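Report on the following structure.
This structure is a prediction, so every number in the text was calculated from the model and none was measured. Only heavy atoms go into these numbers, but all of them, side chains included; no hydrogens, no water, no symmetry mates.
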Amino acid sequence: MKIALVGYGQMGHMLRSVAEKRGHKVVLTVDTFAEDADFKPASPAETAAKIKESGAEGIIEFSHPTSVMGNIEALLPLKLPLVVGTTGWNDKREEVEKLAVKDGSFIFHAANYSIGVNLFYKIVAQAAKLVSNYDEYDCALWEAHHTKKLDSPSGTALEIAQLVLDNMPSKKTIVTEAFHDRPKKEELHVSSTRLGSVPGTHTVFFDSSADTIELTHTVRNREGLAMGAVRALEWLRGGVDDGSIKPGMYSMNNILGD
Ligand SMILES: NC(=O)c1ccc[n+]([C@@H]2O[C@H](COP(=O)([O-])OP(=O)(O)OC[C@H]3O[C@@H](n4cnc5c(N)ncnc54)[C@H](O)[C@@H]3O)[C@@H](O)[C@H]2O)c1
């Protein structure tokens, strides 16, 4: 597939390498600042025009939370399968989905493209459901990331926390601050550590007086994220080509199955 990359930073470079290893051709890289990008746009409209000209058959967008909405709005009318990695626009999800349906376009978004993390979500949900049959178990979450990370706790930790709430009726609220008092039984504590270069670790603890069950996902490198995004684009392009998907918004649940 001929692919255009919007945002040619750390993820953009990794995406190029993974896409090429999977036999695709990156026909255009667009970045407002990166010296080695093919095109430096002055506006999202310029990005869209250049992509149209490039003959790309699919787009992957990993830019910046302040740029992503402008890019989505400019790129959807191209009607090319669009995979968005940039986070920070969750509150606009419904609006974007409506826009995609209206424009007859196809968009895919995951807050985390790692196949392993998405499998981990399913494992945690199932574990929480099983453990909740036994009153004696408490649950907490811990995550660690590098010191350049801007948000805390990570979006992934919050997603995992929500899965615990959905599947463990004894837990009703998420607490991300330090406790200055004893936690209430219904509070799910999510704690964060920022340390050196850690690419991303998430641990869920189920604890009783007799034992602890620990489930951990550890990121080794960013390749898994890029691989998930390229696979998402392959899935979207395939679905558009064989007519098996309708215009709208898709997520990892659509490609992972049960
Ligand atoms: N969903 C996921 O699985 C996942 C994984 C990793 C990173 N991310 C997110 O993806 C984004 C990019 O991550 P990164 O590590 O590559 O960041 P980065 O800072 O290394 O690269 C981002 C690049 O986007 C460029 N950019 C900014 N605005 C632009 C615009 N309007 N048009 C084109 N380029 C633009 C910047 O100049 C920069 O080179 C971040 O928001 C990050 O949180 C998501």
Is Glu53 salt-bridged to Lys50, cutoff N-O under 4.0 Å? yes
Between Lys40 and Glu35, does any side-chain N to carboxylate O distance fall below 4.0 Å? yes
Distance, nearest 0.5 Å, that separates NZ of Lys129 from CG of Leu163: 10.5 Å
With the threshold set at 4.0 Å, does a side-chain nitrogen-carboxylate oxygen contact exist between Lys149 and Asp151? yes
Quiz question: by atom type and distance under 3.5 Å, do the side chains of Glu143 and Ser192 form a donor-acceptor pair? yes
May I ask you to say whether Lys102 pairs ionically with Glu97, meaning some side-chain N is under 4.0 Å from a carboxylate O? no
Looking only at atom types and distance, does a side-chain atom of Ser132 sit under 3.5 Å from a main-chain N or O of Pro169, one as donor and one as acceptor? no
Do Leu130 and Met168 share a hydrophobic cluster, counting only Ile, Leu, Val, Met, Phe, Trp and Tyr and linking them when any side-chain heavy atoms are less than 4.5 Å apart? no
Hey, are Asp242 and Ser244 close enough side-chain-wise for a donor-acceptor pair under 3.5 Å? yes
Would you say CD of Glu94 has more than 12 non-hydrogen atoms from neighbouring residues, nucleotides or ligands within 6.0 angstrom? no
With sequence neighbours left out, what residues match Pro44 under side-chain contact (heavy atoms from CB on, under 4.5 Å)? Asn71, Ala74
Under 3.5 Å, is there a donor-acceptor pair linking the side chains of Glu136 and Ser209? no
Could you tell me if Ser63 and Glu61 have a donor-acceptor pair between their side chains, going purely by distance under 3.5 Å? yes
State, without any angle test, whether Arg16 and Tyr8 hold a side-chain donor-acceptor pair at a distance under 3.5 Å. yes
Looking just at side-chain N and O atoms, do Asp211 and Tyr137 make a donor-acceptor pair shorter than 3.5 Å? yes
Tell me whether Val230 is reachable from Val6 by hopping between hydrophobic residues (I, L, V, M, F, W, Y) whose side-chain heavy atoms are closer than 4.5 Å. no
Between Thr216 and His202, a side-chain donor and acceptor under 3.5 Å: no
What do the steps show when you test Tyr134 against Phe206 for side chain to side chain contact (heavy atoms under 4.5 Å, CB included), and what is the final call? CA-CA 11 Å; Tyr134 301 89; Phe206 296 105; over 6 Å; no
Charged N to carboxylate O under 4.0 angstrom, Asp138 versus Lys185? no
